Amino acid sequence: MVVVRHELKQSRVSMAAWSIAIGILIAVCVFMFPEMKEEMNGINRVFGSMGSFTDAFGMDKVNFGTFSGFYSVECGNILGLGGALFAALCAVGALAKEEKDHTAEFLLTHPVGRVRIITEKLIAVMFQIIVLNIVVYGFTIGSAAIIKEEIPWKEINLLHLAYLLLQIEIAGICFGISAFLRRGSMGIGLGVATIMYFLNLIANISESADFLKYITPFGYAEGSDIVANVSLDRTLVILGMAYGVIGIIIAYVKYSKKDIA
């Protein structure tokens, strides 16, 4: 597991920074809930009458006067988009950076097969994603305890499970893309995560674009739907995991045969 340790050592600062930053932002949102709770009836009416903006974020499906409703929209968007960006950045550079940083000739001359390199890099990516989610979950539970708010465990756990699956899917897709890249990869990773996010907004606004939910992982990680139904859409989850697995398989096939510069 030498490659895993090396990858984690290289990424420990960015992993800690992203985890703490997202966690603090979510904690700040949670701390705002008690002050906003008393005015939620008026806020519900305002949010419910904002037309396309309301539809885009599903704000008409939840009650902002409840912790789960507030958390699903306000905090959910932070973790959803922030986590997606982090997962994309971790995965899209995992294989490409060896050529970009000119370290491939050092790594590949060691008695370590390419399949093992790919596997250990994938493990490192998934480990970082899991650590981020554990840290953020801790911030959520800790901040809710501080404000003495009763936690709706089922809804909160389903929300965090959905965001974890979302990040795994995006990581799998970007990991596959990484096998084709030789130089810059950050912009591509950010682009994939951002496009997926906006595809879901378009699907929420227009019924004719509802099919986009079968493409973007944000379709099954829609916080308002999860809280309203207290469940995940299994069809969308299965499709999403299939996309991620396909991306990983492509990475193995491509990188194993790739002519490394």
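Numbering of residues begins at 1 and proceeds along the displayed sequence. Just so it is clear, the model here is predicted, and its values are computed rather than measured. Hydrogens, waters and symmetry mates are skipped; everything else that's a heavy atom, side chains included, is used.
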Heavy-atom closest contact ([X] atom, [Y] atom, distance):
X: A171; Y: V125; result: CB-CG1, 4.1 Å
X: S256; Y: V115; result: OG-CG2, 4.1 Å
X: M241; Y: L165; result: CE-O, 3.2 Å
X: L212; Y: A203; result: CB-CB, 4.0 Å
X: E169; Y: P217; result: OE1-CB, 3.0 Å
X: A88; Y: I170; result: CB-CG2, 3.9 Å

Report yes if some heavy atom in the side chain of [X] is under 4.5 Å from a heavy atom in the side chain of [Y]; otherwise report no.
X: V135; Y: I22; value: no
X: H6; Y: K9; value: no
X: L159; Y: S72; value: yes
X: C75; Y: T140; value: no
X: L190; Y: M186; value: yes
X: L161; Y: N157; value: no
X: V192; Y: V92; value: no

Original post:
Knowing that exactly one of L122, T119, I123 qualifies, which makes a side-chain contact (heavy atoms from CB on, under 4.5 Å) with V4?
Top reply: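 Only one of L122, T119, I123 forms a side-chain contact (heavy atoms from CB on, under 4.5 Å) with V4, namely I123.
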With rounding to the nearest 0.5 angstrom, report the [atom1] to [atom2] distance, [X] to [Y].
X: T216; Y: E222; atom1: OG1; atom2: CD; result: 9.5 Å
X: E120; Y: L8; atom1: CD; atom2: CG; result: 10.0 Å
X: L164; Y: M126; atom1: CG; atom2: CE; result: 9.5 Å
X: I238; Y: L232; atom1: CD1; atom2: CG; result: 11.0 Å
X: N200; Y: I215; atom1: CG; atom2: CD1; result: 11.5 Å
X: N204; Y: L199; atom1: CG; atom2: CG; result: 11.0 Å

Mind telling me whether F218 and Y197 have parallel, tilted or perpendicular rings, with 30° and 60° as the class edges?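 Ring orientation of Y197 relative to F218: perpendicular.
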_Does either side chain, that of Q128 or that of S11, offer a donor lying less than 3.5 Å from an acceptor on the other one?_
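There is such a pair (donor and acceptor under 3.5 Å, judged by atom type) between the side chains of Q128 and S11.
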Self-check item: V131 and M15: CA distance, side-chain angles, deciding distance, side-chain contact (heavy atoms from CB on, under 4.5 Å) verdict
Solution: CA-CA 8 Å; V131 168; M15 178 175 62; 4.0 Å; yes
*Other residues, nucleotides, ligands: >12 heavy atoms within 6.0 Å of F127 CZ*: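 At most 12 heavy atoms, drawn from other residues, nucleotides or ligands, come within 6.0 Å of this atom.
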Exercise for the section: Report, as yes or no, whether the 6.0 Å neighbourhood of atom CZ on F31 holds more than 12 heavy atoms from other residues, nucleotides or ligands. Expected result: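 Yes, because the 6.0 Å sphere around CZ of F31 holds more than 12 heavy atoms from other groups.
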Under 3.5 Å donor-acceptor, D225 side chain and A221 backbone:
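Side chain of D225 to backbone of A221: no pair is present.
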(Q) Show me the pairs that pass ring pair (Phe, Tyr, Trp, His ring centres under 6.0 Å) and involve residues 160-182, at least two apart or across chains. (A)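 Applying ring pair (Phe, Tyr, Trp, His ring centres under 6.0 Å) to every pair that reaches into residues 160-182, excluding sequence neighbours, yields Y71-H160, Y137-H160.
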Practice task
Test side-chain contact (heavy atoms from CB on, under 4.5 Å) on I177 and I173 and set out the steps.
Solution key: CA-CA 6 Å; I177 294 173; I173 294 171; 4.2 Å; yes
Should [X] and [Y] be regarded as members of a common hydrophobic cluster, given that ILVMFWY residues are connected when their side-chain heavy atoms come within less than 4.5 Å of each other, either directly or indirectly?
X: I250; Y: Y243; answer: no
X: L89; Y: I20; answer: yes
X: I24; Y: I147; answer: yes
X: L95; Y: Y252; answer: yes
X: V28; Y: I26; answer: yes

Start with the C-alpha gap between W153 and I141, add the side-chain angles, then the distance that decides, and say whether side-chain contact (heavy atoms from CB on, under 4.5 Å) holds. CA-CA 10 Å; W153 290 104; I141 302 307; 3.5 Å; yes
Applying side-chain contact (heavy atoms from CB on, under 4.5 Å) to T235 and Y220, what does each step give before you reach the verdict? CA-CA 9 Å; T235 302; Y220 59 76; over 6 Å; no
